[in-house]
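One structure is given here, and the rest of the page talks about it.
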Amino acid sequence: MSVLKNQLWGDPLVSAVRQEWSTSRKSHSCSIIPSHRVVLMTSDFEKSNPYVHELKKTAAYIAQPGKGILASDESNATTGKRLATVGLENTEENRQAWRELLYSAPGLGNYISGTIMFEETLFQSSRAGEQFVDILKKQGIVPGIKVDTGLQPIDGTDGETATQGLDGLADRCKRYYEQGARFAKWRAVLKVDSDKCPSSTAILENAHGLARYAQIAQANGLVPIVEPEVTLGPGDYSIERTAYVSEKVNSHVFRLLNEYNVILEGILLKPNMILPGLDVPTPSPEEVAKYTVRTMLRSVPAAVPGIHFLSGGMSEEEATLNLQALQAYGPTPWSLTFSYGRALQSSTLKIWSGKESSWKAAQERLVALAKANSEAQLGKYAGPHPSPGGARILQALRLGGAGK
Ligand code: 13P
């Protein structure tokens, strides 16, 4: 120790810093700063936020070990497209029945700590008249709400988009909080290719939108899920390219979150796993994990409680295997867990297909998928998967409307 100290003290840079420190100490009235006089400076936003403890508690609860988020916030239009795949009409009644099947699945709360809903669903009840928020709370699941209103093209870019929804957001957040929501989601989509995308225009626009949204959500008691999705798309761009781009995007997002004084212990991050373009063969879970963990370590502050990956088109089994592979790099400063939409719902919906007789089997599939991902989060998944094999679950990029 003393050898190390001598080496350090002898270092010219360390000596200069010590010299400066001792000069500045002498210029103050006290020569030693007693520990009780150390003032931890924090932003006025944090100091004046009445929800600050609740925000941190909610975020930590959702990020707890062995649990993840069920993303069921598809807009009515997108839900309609999903229902159509099993021959169901896009009626309010069918959307309500589908969400009731999900939220009332027995045992779901053992593996799921939060559920994201679309506005219609947040205010909806089961067919027997019990509010969905109450059904979820009984399961120990925190109700959440998607607050963005969809994507619009950015002029002069190669089909890149900006997320809409800041107008009137504070008032909407207040209503959602009153209804029982305790967290929110805003999805920014960043298109990636092998050279041009994402442009700096798209990165800055989306980082700004996410930061302003996060600040408004926190001011109104909702933990913001910050979702910068570098979206899996066509092309032969490499896994290194996605890693590089995602690192840049995350870094800009946290730079802007800092600019807006967003309280990092009271947010959750929802990024993509690092995957190459769709024309490249699917990488092994180990390869995905290596690049994904490196990207997060390089760009996500340790104060963030949870990183909840989206499934982004991965097959149900691929999403579980990749999540499990991430855990080999632990312990990490944040939990590495899931906020899956398609990877929890696809085979569940197929099994149900609107048939009362398949209701129970569909609920069992949902809970089995949630359990597999819970085990993967704990690094204990041993298979077999409830939905082995299977293709990627891709969707077209939607513009306009309130589309997830
Ligand atoms: P997927 O898991 O289907 O990508 O959906 C997660 C989500 O909420 C995207 O916004």
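Counting starts at 1 for both ligands and their atoms, following the listed order. Quantities reported herein were computed from a predicted structural model and do not represent experimental measurements.
- A salt bridge between E318 and R392 is present, with a side-chain N of the basic residue lying under 4.0 Å from a carboxylate O of the acidic one.
- Residue A343 places every heavy atom at 4.0 Å or more from ligand 1.
- In terms of polar-atom proximity, defined here as any N/O pair under 3.5 Å, K185 does make such a contact with ligand 1.
- Taking the ring centre of F132 as origin, the terminal cationic atom of R99 falls outside the region bounded by 6.0 Å and 45° from the ring axis.
- Distances between N or O atoms of A71 and those of ligand 1 include no value under 3.5 Å.
- Taking the charged nitrogens against the carboxylate oxygens, E364 and K360 do have a contact shorter than 4.0 Å, which makes a salt bridge.
- Under 4.0 Å is where a charged nitrogen must lie from a carboxylate oxygen, and between K196 and D193 no such pair does.
- Residue I116 has no nitrogen or oxygen atom sitting less than 3.5 Å from a nitrogen or oxygen atom of ligand 1, judged on distance alone.
- A salt bridge between D148 and K185 is absent, with no side-chain N of the basic residue lying under 4.0 Å from a carboxylate O of the acidic one.
- The shortest heavy-atom distance from K146 to ligand 1 is not under 4.0 Å.
- Of all atoms in ligand 1, listed by their number and element, those nearer than 4.0 Å to a heavy atom of G312 are 1 (P), 2 (O), 4 (O).
- In summary, the atoms of ligand 1 found under 4.0 Å from a heavy atom of K270, numbered by their order in the structure, are 6 (C), 7 (C), 8 (O).
- Listed by number with element, the atoms of ligand 1 under 4.0 angstrom from any heavy atom of R342 are 1 (P), 2 (O), 3 (O), 4 (O).
- In summary, R182 and E54 engage in a salt bridge, as defined by a charged side-chain N under 4.0 Å from a carboxylate O.
- In this structure, Y213 and I225 approach most closely via the heavy-atom pair OH-O, 2.7 Å.
- Close contacts of ligand 1 with Y340, meaning ligand atoms under 4.0 Å from a residue heavy atom, involve 2 (O).
- Using a 4.0 Å cut-off to heavy atoms of S311, the atoms of ligand 1 that qualify are 1 (P), 2 (O), 3 (O), 4 (O).
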